[in-house]
Each structure stands twice: as structure tokens, then as C-alpha cells.
Visitor: 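One structure coming up, written as C-alpha cells, with questions to follow.
Only this structure's heavy atoms are used, side chains among them; waters, hydrogens and symmetry mates stay out. Protein chains get the first letters and strands the later ones, always in sequence-line order, with residue 1 at the start of each.
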Amino acid sequence: MVKDQLLRDLKKAVKDLGYQANDIVCAIPPTPAFGDYSSNIALQLAKPEIKNGKQSPIDIANKIKGKLDKTNYLEKVEVAGGGFLNFFIKGEVLVKNLTQVTQIPKDEKPQKLMVEYGHANILKEVHLGHLRTFILGESLARILGGAGHKVFRANYQGDIGLHVAKAIWGIEKLGLPSKELNFEEKAEYLGKAYAQGSLDYEESSEAKQKINQINVSLYRKEPQFQELYKLGRKWSLEYYDEVYKILGIKYDKLFFESEVYSRGEQLVLENTGKIFEKSDGAVIFPGEKYGLHNRVFISSAGVPTYEAKDLGLSEKQFETFPFDRDIHVVGSEQEGYFKVVIKAIEMVLPKLSGREFHLSYGMVGLKEGKMSSRTGEVVTVNELLNMVAEKVREVVKESRLEVNREVVRSVAMGAIKFTYLKFAPSSNLVFDLQQSVSLQGDSGPYLQYTHARIRSVLREAGEGGSELRMENLELEVEERNLARRLEYFGSVAGQAGKEYRPNLICEYLLDLAKDFNLFYQKHRIIASEKKDLRLALTQATGEVLKTGLELLGIEAPERM
RNA sequence: GUGCCCGUGGCGCAAUGGAUAGCGCAUCAGAUUCCGGAUCUGAGGGUUGGAGGUUCGAAUCCUCUCGGGCACGCCA
């Protein structure tokens with residue numbers, strides 16, 4: 001990136017002029033008219049003196065400009081807009097750098113990061129809502145890995161607790177299916193059993209009592225329900241393996257509630273009277289003392305709650321992979337919960353202080369109405385995938401292009417993933433089944449299509465481009481804008497990692513594809529005197545698209 | 001009741017202290033004998049919910065207010 005060089009020189013110039021500044025940044029200006037990079041440093045430096053008129057930001061900017069005017073990579077430096085410095089990079093430098101535009105800058109402080117995402121409970125089907133933690137978490141893991149961090153992918157699944165007891169009750173009531181089921185049917189069956197148990201739990205006090213007994217029995221590992229439990233758990237995990245495969249996720253480790261609850265309970269009991277308190281027969285963490293709210297860690301029935309399990313989990317996770325930070329990719333509805341539990345974890349296990357982090361994402365809703373696993377009114381991953389794949393097939397039919405099943409699947413998945421990732425994590429996401437998953441415009445397939453088209457051009461052009469000549473290089477506006485955009489990939493990818501925001505990459509790739517498609521529309525590539533240059537631009541765009549899509553967890557087919 | 005989040009063209013979103021608030025969908029008008037039309041060009045559409053304030057500079061920060069969502073002791 002030319003940016004690195006520029007930033008170094010800018011810092012040196014500021015220092016040489018005798019100014020103190022620790023926060024010097026080069027930003028991407030809103031329009032090419034303001035250069036390829038810009039800096040507001042002169043405005044920052046003048047800030048304390050602007051009011052009394054002692055220091056003019058324009059004077060400072062001009063001094064800095066004077067120091068940077070004679071570099072070998074800048075075309076010119078301009079002072080504009082009341083004190084901004086606008087840097088224009090030489091076209092030949094942008095072109096020379098095309099071969100390295102896919103490089104992502106390594107974070108200056110590489111960390112060991114656990115990314116914990118998924119959290120789907122067994123005996124339930126994965127639906128639209130769960131999809132966000134899977135897709136966001138996986139993308140984040142890729143982006144952070146790309147930035148040079150050591151990443152550990154973790155999932156944590158609830159394989160014990162009231163929801164399991166409800167499903168067991170449901171299985172007993174519905175009876176086991178008589179014929180052999182495939183993994184999808186098994187998941188569907190378990191989903192029904194859970195919905196049944198859930199319903200009965202609310203509507204019949206007798207059932208409620210029985211289900212509570214099943215719950216306690218499972219925690220005590222009494223033999224009575226073990227067989228059904230093991231069968232249901234096995235089916236469910238087989239189903240999840242398929243889901244991970246569909247989503248392209250490979251976890252480093254799956255953690256289960258069943259293997260952490262006793263340790264969690266033990267930690268609570270050891271600290272009762274110190275950190276935890278007894279209250280109404282339960283053991284609570286008095287969050288109110290710390291400006292938070294109280295939460296029950298061990299129920300009055302003597303069963304550890306999710307809170308206590310998280311305590312046991314955090315210790316086990318840290319033993320497994322001594323992370324600098326554990327990023328829990330979990331919805332915003334659990335913000336209050338995490339504040340309390342993280343506080344409790346830090347008090348019980350001080351070595352984990354500052355290491356637990358909740359990455360909160362907005363709610364996923366359905367425009368058509370509420371989703372609820374409780375009533376079974378959900379759109380599952382497979383249903384969504386089939387729906388979108390059908391739309392893809394329709395487009396294919398009209399476009400005369402021939403694609404195989406694998407590509408249809410990959411494009412449908414790309415459309416779905418992009419739909420989730422283009423929103424900022426903090427933003428709520430309302431799913432309109434008819435419109436949300438788009439195949440054109442700002443969409444995954446738009447990027448995939450642009451990539452496939454580039455590959456096609458490169459195939460046509462054949463291998464082995466000749467050496468680029470830089471003398472008298474004149475760039476047309478579309479060529480220059482494209483080269484400029486390619487220069488930005490590294491810094492955007494870096495920023496996305498620092499701020500945990502894959503949507504920045506989505507936005508960038510859309511801009512890049514637009515720049516390329518305009519360039520493509522206006523200029524011939526192969527049958528052109530500037531073939532070498534244009535092929536280099538095309539090649540670089542293809543590679544950045546592929547690399548960027550990879551960071552999002554989206555495949556980039558050669559043909560589609 | 002307390003706390004947290006959100007409010008940006010008709011719709012869905014981007015921009016989290018910088019310059020002229022961007023993009024897609026939808027609407028209207030156009031582009032293909034030529035490297036892939038899932039594409040491209042153009043047009044209309046905005047006092048960023050409202051009122052104050054801080055700042056050289058505010059969609060962004062602060063205060064108040066209106067509207068929506070979520071969470072607040074025995075679910076996960």
C-alpha cells in the first residue's frame with residue numbers, strides 16, 4: 001500500500017516541523033477530486049489556536065505540503081477546504097502496486113483471539129435468526145486471521161437444561177419415528193418434540209412438574225432418560241455437522257454445557273458468601289452492588305443456570321486456548337446478561353479480567369411476522385437455502401448461461417451471507433423473504449458475477465501478460481479510479497478487523513465492482529492498445545474480489 | 001419503573017467528529033452486430049424524528065423531547 005509510505009512520511013514531516021501529534025491518519029476522501037488520501041492533521045494541530053487566530057490551519061498545511069512536495073510517489077499535494085491536505089498518488093505508482101493489492105496489513109499487536117459463535121442449542125433447528133451469529137462469526141474469524149491474529153473458532157452448545165428436558169418430554173409423547181430419517185428429517189422431528197414440550201410446559205402444570213423432574217434427572221445423570229437423551233443428542237449433532245458444512249464453517253472445538261456445568265456450580269458454591277449470595281433458596285450474583293442487576297446462578301431447585309455454566313465455560317476455554325480476548329458473537333438482547341456475567345467471571349477468575357468481550361449484533365426479524373422455535377413457526381436454513389436457490393435457477397433460465405448445481409448452491413449461499421453481512425453488526429435486520437436476499441444490485445451474486453466475468457476475460461486473454469511499460473503512462477478516468485480503489489483494499493480489510501465490522505468490506509467490494517463494471521463498459525480490454533495495463537487492472541480486481549469474498553465466507557466461482 | 005439500542009429520499013441500508021450525506025430496490029428514460037445484460041448510463045426523490053447546546057467543522061458528541069425495539073432473579 002502506498003498509504004504506509006505516505007503515513008510514515010507525513011508523521012516525519014509533522015515531527016520535523018516541531019509539532020506533537022499522536023493521532024495522525026490518512027483517510028479515504030469522499031471523492032477523487034480531493035485526492036487519493038487526505039489528512040486533517042493541520043486542522044488538528046491548529047485546533048487550540050484557531051479561536052484566537054494565532055495559528056492558521058492553512059499555514060500549517062502549507063508547511064507540511066512543503067515537506068512532502070518532492071516525494072517520488074506523489075503527483076501533487078493540495079491544501080483545500082480550510083486546511084485539509086489532499087494527496088494525489090502518481091498513476092504509475094498505483095499501477096506498479098497492482099500486483100500486491102491483495103495484501104492485508106498485519107495488526108501491529110497480533111493477539112490470540114477466540115471467536116465464539118453459533119451457540120445453537122441441540123434439539124432445535126437452525127433458523128434465520130441463528131444464521132446471523134454463524135455468518136458474522138465466521139466472517140470475523142476470517143478477517144481477524146487475515147490481519148495476523150491467531151484465531152480459535154469455538155462453538156458452545158446447550159446440550160443440557162430445561163430446553164432439553166422439554167424435548168425429551170416431547171419425544172416420549174410423540175413416540176420415536178418408525179422409519180429411518182435423514183439428518184434434515186431428524187432435526188425437524190426434534191424441533192417438533194421441543195415445540196410440543198414447550199407448549200405443554202406452559203399449558204399444563206402437571207407436564208411442567210414432570211419436565212422439571214426430567215431436567216433434574218438429566219443433571220444427575222440418572223439412567224431413566226439417558227438413552228433417549230443420548231439418541232437425541234447424537235441426531236442433533238449430526239444435523240449440526242451438516243449445517244456447518246453448508247455454511248463452510250470448521251470449528252476448532254465444540255464446547256458443551258454438559259461438560260462445564262458442574263465446574264461452574266462448584267465455582268459458585270466455593271464463592272458463596274464472598275462473591276455470591278443466598279437469596280430465596282437460590283444463589284445469586286448481586287449485580288446491583290455494581291450498578292448492574294442481580295442474576296440467579298444456582299436455582300432454588302439446586303440446578304446451575306446458564307450463568308453458572310458460563311463461568312465454568314470461561315475457565316475451560318482459557319485452559320484450552322489461552323486467549324487475549326474471547327469474542328462472544330451474541331445478539332443484543334443479551335447485553336444486560338453479559339454485563340453481569342462478565343463481571344462475575346472477572347471476580348471469580350481475575351486472570352480473565354478484560355478478556356471477555358460481547359460482540360453484540362442487532363435482532364433478526366421477519367417482516368412476515370414473528371419467529372418462534374417454541375411454536376415451530378420458523379424459517380430454517382434449509383428452507384431459506386432452497387427458496388433462494390429457486391430464485392437463482394429462475395435467473396439462470398432467463399440468462400441462457402449454463403451452470404451446475406454446485407454453482408447454484410454457491411450463489412444462493414453467497415446471496416444469503418451477503419445479505420447478513422452488509423448490515424453493520426449493531427443494526428437490526430428485518431428479513432423480507434421476497435426481497436431481502438437479492439441477486440442483483442448490492443448483492444453477493446453481483447460480486448460473484450463480476451468476478452466470474454473477469455475470469456472469463458482472463459481466460460479469453462490467455463496466460464502470460466507481457467511486462468508493463470510505465471513511460472508516458474496516461475490513465476483514463478475509469479482506469480485511474482479503479483486503480484485507486486484497488487489501493488484501498490488493504491486498509492479497508494484492516495479497519496474491518498479492528499472494528500469487527502465485515503460490512504465495511506461489503507461496501508468496499510460493491511464500490512470496487514461498480515468501478516470495474518464501468519471501466520469494462522467503457523473500454524475494450526483485449527482488443528486494445530492498452531491491453532497490458534487493462535489486463536493488469538482486470539487481474540488485480542479479480543484477485544481482490546476473490547480475496548474479499550473469502551473474508552466474508554463467500555465462494556467466488558470461476559463461471560456462473 | 002430502571003437501563004441499553006435504534007430513528008437518514010417511497011422502501012431497505014451506508015457513512016460513528018471532516019469537505020458537496022452515499023448505495024441498492026422501486027419509478028421514469030436510454031445502452032447489446034463487439035472481451036459474459038445477474039451488467040451499464042441518465043433523471044426525479046433529503047431542512048439525517050423534533051428542539052436546544054459543544055466545536056473551525058455534527059447524521060455522528062451533550063441535554064431535553066417524541067416514536068420504535070430489547071433487557072431487567074429461578075429459560076438459554
Visitor: Say you pick atom P in B:U60 and the same atom in B:U16; how far apart are they, in whole Å?
Guide: 12 Å
Visitor: Closest-nucleotide mapping onto RNA chain B: is A:Ile160 or A:Ala527 further toward the 5' terminus? I mean the 5' end.
Guide: A:Ala527
Visitor: Taking any heavy-atom pair under 4.0 Å as a contact, classify A:Val340: base, sugar-phosphate, or nothing.
Guide: nothing
Visitor: To the nearest Å, how far apart are A:Lys498 NZ and B:U16 P?
Guide: 15 Å
Visitor: Checking base pairs now: Watson-Crick or wobble, both atom distances under 3.5 Å. What partners B:A38?
Guide: none
Visitor: Working to the nearest 0.5 angstrom, can you tell me the gap between A:Leu535 CG and A:Glu460 CD?
Guide: 11.0 Å
Visitor: What nucleotide among B:U16, B:G24, B:G73 has an atom nearest to a side-chain atom of A:Asp442?
Guide: B:G24
Visitor: Roughly how many Å is it from CZ in A:Arg501 to P in B:A14, rounded to a whole number?
Guide: 9 Å
Visitor: Can you identify which nucleotide, out of B:G69, B:G73, B:U39, has its nearest atom closest to the A:Met363 side chain?
Guide: B:G69
Visitor: Hey, does A:Phe297 reach any base, or is it just sugar-phosphate, or nothing, if we go heavy atoms under 4.0 Å?
Guide: nothing
Visitor: Among B:G37, B:A15, B:C40, find the nucleotide with the atom closest to the side chain of A:Leu518.
Guide: B:C40
Visitor: Please name the nucleotide paired to B:G17 by Watson-Crick or G-U wobble geometry with both distances under 3.5 Å, or report none.
Guide: none
Visitor: Between the base of B:A19 and the side chain of A:Thr31, is there any donor-acceptor pair under 3.5 Å?
Guide: no
Visitor: With heavy atoms under 4.0 Å as the rule, sort A:Ala452 into base, sugar-phosphate or nothing.
Guide: base
Visitor: Is it true that A:Phe297 and A:Phe276 have ring centroids separated by less than 6.0 Å?
Guide: yes
Visitor: For a 4.5 angstrom cut-off between non-hydrogen side-chain atoms, does A:Glu333 reach A:Ser360?
Guide: no
Visitor: Does any donor-acceptor pair link the side chain of A:Ser300 with the base of B:C74 at a separation under 3.5 Å?
Guide: yes
Visitor: Side chain of A:Pro30: nearest nucleotide among B:G73, B:U39, B:A19?
Guide: B:A19
Visitor: Is A:Ser332 side chain donor-acceptor paired with the B:G69 base, going by distance under 3.5 Å alone?
Guide: no
Visitor: Give one of base, sugar-phosphate or nothing for A:Ser279, where a contact means two heavy atoms less than 4.0 Å apart.
Guide: base
Visitor: Nearest whole Å is fine: how far is B:C6 C1' from A:Phe423 CZ?
Guide: 14 Å
Visitor: For A:His451, answer base if it contacts any base atom (sugar-phosphate contacts may also be present), sugar-phosphate if it contacts only those atoms, and nothing otherwise; contact means non-hydrogen atoms under 4.0 Å.
Guide: nothing
Visitor: State, with a plain yes or no, whether a side-chain heavy atom of A:Asn121 is found less than 4.5 Å away from one of A:Tyr194.
Guide: no
Visitor: For B:U33, which nucleotide is its Watson-Crick or G-U wobble mate, given both distances must be under 3.5 Å?
Guide: none
Visitor: Using a cut-off of 4.0 Å on non-hydrogen atoms, how would the nucleic acid contact of A:Thr305 be classed: base, sugar-phosphate, or nothing?
Guide: sugar-phosphate
Visitor: Both A:Ser39 and A:Val392 contact RNA chain B. Taking the nearest nucleotide for each, which residue is further toward the 5' end?
Guide: A:Ser39
Visitor: Using atom P in both nucleotides, what's the gap between B:G7 and B:A43 to the nearest angstrom?
Guide: 29 Å
Visitor: Strictly by Watson-Crick or wobble contacts shorter than 3.5 Å, is anything paired with B:A76, and which nucleotide is it?
Guide: none
Visitor: Is A:Phe34 stacked on the base of B:A19, meaning ring centres closer than 5.5 Å and planes within 30 degrees of each other?
Guide: yes
Visitor: Please give the distance between the P atoms of B:U48 and B:C61 as a whole number of Å.
Guide: 15 Å
Visitor: Going by 5.5 Å between centroids and 30° between planes, is there a stack of A:Tyr337 over B:A71?
Guide: no
Visitor: If you look at every strand shown and take non-hydrogen atoms under 4.0 Å, does A:Phe84 touch a base, only sugar-phosphate, or nothing?
Guide: base
Visitor: What integer distance in Å separates A:Ile58:CD1 from B:C56:P?
Guide: 15 Å
Visitor: Any base atoms under 4.0 Å from A:Ile525, or only sugar-phosphate, or nothing? Heavy atoms, all strands.
Guide: base
Visitor: Taking the six-membered ring for Trp and the single ring otherwise, decide whether the centroids of A:Tyr290 and A:Phe285 are under 6.0 Å apart.
Guide: yes
Visitor: Using whole Å, what does the distance between atom P of nucleotide B:A19 and atom CD of A:Glu78 come to?
Guide: 17 Å
Visitor: What's the closest nucleotide to the side chain of A:Asn40 if the choices are B:G18, B:A76, B:C23?
Guide: B:G18
Visitor: Tell me the partner of B:G67, counting only Watson-Crick (N1-N3 plus N6-O4 or O6-N4) or G-U wobble (N1-O2 and O6-N3) with both under 3.5 Å; none if nothing fits.
Guide: B:C6
Visitor: Counting side-chain heavy atoms from C-beta on, which of B:A71, B:A14, B:C25 comes nearest to A:Glu333?
Guide: B:A71
Visitor: Checking all strands, does A:Lys309 fall into the base, sugar-phosphate, or nothing category for heavy-atom contacts under 4.0 angstrom?
Guide: sugar-phosphate
Visitor: Taking the same atom, C1', in B:G57 and in B:G69, what whole-Å distance lies between them?
Guide: 33 Å
Visitor: Indicate, with a heavy-atom threshold strictly under 4.0 Å, whether A:Glu257 touches base, sugar-phosphate, or nothing.
Guide: sugar-phosphate
Visitor: Determine the interatomic distance between C1' on B:C40 and the same-named atom on B:A58; round to the nearest Å.
Guide: 36 Å
Visitor: Let me know the distance between CD of A:Gln44 and P of B:A19, rounded to the nearest Å.
Guide: 14 Å
Visitor: Please state how far atom CG in A:Leu509 lies from atom P in B:A38, giving the value in whole angstrom units.
Guide: 20 Å
Visitor: So, for A:Tyr37 and A:Tyr488, is the gap between ring centers shorter than 6.0 Å?
Guide: yes
Visitor: May I ask which nucleotide in the shown strands pairs with B:A59, Watson-Crick or G-U wobble, both distances under 3.5 Å?
Guide: none
Visitor: Have a look at A:Asn517 and say if it touches a base, only the backbone sugar-phosphate, or nothing, with a 4.0 Å heavy-atom cut-off.
Guide: sugar-phosphate
Visitor: Look through every strand shown and name the nucleotide pairing with B:G45 as Watson-Crick or G-U wobble, where both distances are under 3.5 Å.
Guide: none
Visitor: Using a 4.0 Å heavy-atom cut-off across all strands, classify A:Ser38 as base, sugar-phosphate, or nothing.
Guide: base
Visitor: Measure distances between side-chain N and O atoms of A:Asn503 and base N and O atoms of B:A14, and say whether any donor-acceptor pair falls under 3.5 Å.
Guide: no
Visitor: When all nucleic acid strands are considered with a 4.0 Å heavy-atom cut-off, which category describes A:Gly82: base, sugar-phosphate, or nothing?
Guide: nothing
Visitor: Got A:Ile122 and A:Leu237 here, is their nearest side-chain heavy-atom distance under 4.5 Å?
Guide: yes
Visitor: With a 6.0 Å cut-off on ring centres, are A:Tyr306 and A:Tyr261 close enough?
Guide: no
Visitor: How far, in whole Å, is B:G9 from B:U47 if one measures between their C1' atoms?
Guide: 13 Å
Visitor: With a 6.0 Å cut-off on ring centres, are A:Phe519 and A:Phe516 close enough?
Guide: yes
Visitor: Only pairs with both distances under 3.5 Å count, Watson-Crick or wobble alike; so what is the partner of B:G12 in this structure?
Guide: B:C23
Visitor: Base of B:G69, side chain of A:Asn428 - is there a donor-acceptor contact under 3.5 Å?
Guide: no
Visitor: Just call it for A:Ile526: base, sugar-phosphate, or nothing, with non-hydrogen atoms closer than 4.0 Å on any strand.
Guide: base
Visitor: Test of understanding: with salt bridge (charged side-chain N to carboxylate O under 4.0 Å, His left out), list the residues that count as partners of A:Glu277, not counting sequence neighbours.
Guide: A:Lys289
Visitor: Say we look at B:A51 and B:C4: how far apart would their P atoms be, to the nearest angstrom?
Guide: 25 Å
Visitor: Taking only the C1' atom of each, what is the distance from B:A59 to B:G46 in whole angstrom?
Guide: 12 Å
Visitor: Return the value, rounded to whole Å, for the distance between atom CG of A:Asn86 and atom P of B:A19.
Guide: 12 Å
